[in-house]
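Notes to accompany the following structure.
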Amino acid sequence: MPIVITEIHDVRRHIGQGQSAARLRKLLDVTRFPEANLLRRAGDFDGEMQYPYSMRCAPQVHGVSCDTVEMVRNWINIELNCVSDNPIVFGDEMLIGGNFHGEYPAKALDYLAIGIHELASLSERG
């Protein structure tokens, strides 16, 4: 049985996790890469150890990081194409508001840093 079991990721329903699991399944396809067969699956209790944590949890961690990058991309795209002037002039009317506030780009970059940190954190584990 493969290390990346489709059903496990299907029931979680996060887009990034599913995409990451599919990528990892492809990379670990023993018909294409026989050396991938050296990895061990949890539940194969013939004296072998289970798969490493970093392999078992890679789709979950990579997935949320991919979803985070996509969210950040959407927020930044909105910011790059929006009106953030103050005041905003609509015809003869001048409106004063708070669209100039930089909370969305600031939070987007905070989330991006967290997502990238998670990838780096998992990559150091064996």
Side-chain angles (χ1 to χ4, degrees):
M1 189 171 250
I3 185 173
V4 184
I5 303 166
T6 304
E7 293 82 5
I8 288 174
H9 304 287
D10 287 349
V11 297
R12 193 78 185 271
R13 301 181 62 194
H14 287 287
I15 294 169
Q17 180 177 338
Q19 291 170 340
S20 295
R23 283 188 208 107
L24 191 55
R25 252 192 317 279
K26 190 174 181 180
L27 287 170
L28 297 175
D29 182 358
V30 295
T31 61
R32 294 177 47 191
F33 306 104
E35 59 277 6
N37 204 28
L38 298 174
L39 295 169
R40 297 171 183 92
R41 180 183 178 278
D44 291 342
F45 298 112
D46 57 356
E48 301 292 328
M49 295 178 62
Q50 59 182 292
Y51 285 127
Y53 170 87
S54 59
M55 295 297 290
R56 287 183 286 135
C57 297
Q60 289 83 351
V61 175
H62 288 198
V64 74
S65 294
C66 290
D67 287 346
T68 299
V69 168
E70 187 59 30
M71 180 194 70
V72 167
R73 182 187 340 259
N74 290 336
W75 283 13
I76 296 298
N77 188 46
I78 290 168
E79 284 297 312
L80 290 173
N81 293 289
C82 74
V83 175
S84 59
D85 299 333
N86 192 44
I88 300 173
V89 178
F90 291 96
D92 293 336
E93 190 174 17
M94 185 169 50
L95 302 176
I96 298 172
N99 279 359
F100 59 86
H101 200 285
E103 194 68 17
Y104 273 100
K107 284 290 187 253
L109 295 176
D110 286 346
Y111 295 150
L112 184 61
I114 292 168
I116 299 303
H117 173 267
E118 290 299 315
L119 289 176
S121 175
L122 187 63
S123 70
E124 75 170 347
R125 301 186 196 303

Sequence neighbours excluded - side-chain hydrogen bond (donor to acceptor under 3.5 Å, both in side chains) pairs with any residue from residues 60-69: none
Gap separating the OH atom of Tyr104 from the CG atom of Asn74, nearest 0.5 angstrom: 12.5 Å
Ile116 with Val64, same ILVMFWY side-chain cluster at under 4.5 Å: no
Pairing residues for Glu70 by the side chain to side chain donor-acceptor pair (under 3.5 Å) criterion, not counting sequence neighbours: Arg73
Under 3.5 Å, which donor-acceptor pairs link side chains of residues 105-114 to any protein atom two or more places apart or in another chain?
| unit_1 | atom_1 | unit_2 | atom_2 | d |
| --- | --- | --- | --- | --- |
| Lys107 | NZ | Glu103 | OE2 | 3.2 |

List, one per line, each side-chain donor-acceptor pair under 3.5 Å for residues 80-97, sequence neighbours excluded.
| unit_1 | atom_1 | unit_2 | atom_2 | d |
| --- | --- | --- | --- | --- |
| Asn81 | ND2 | Asn77 | O | 2.8 |
| Asn81 | ND2 | Asn77 | OD1 | 3.1 |
| Asn86 | OD1 | Gly97 | N | 3.0 |

Output a table of donor-acceptor pairs, distance under 3.5 Å, between side-chain atoms of residues 12-24 and any protein atom two or more places apart or on a different chain; print 'none' if there are none.
| unit_1 | atom_1 | unit_2 | atom_2 | d |
| --- | --- | --- | --- | --- |
| Gln17 | NE2 | His9 | ND1 | 2.8 |
| Ser20 | OG | Gly16 | O | 3.0 |
| Ser20 | OG | Gly63 | N | 3.4 |

Contacts of Phe100 that satisfy ring-ring contact (aromatic ring centres under 6.0 Å, His included) - sequence neighbours left out: none
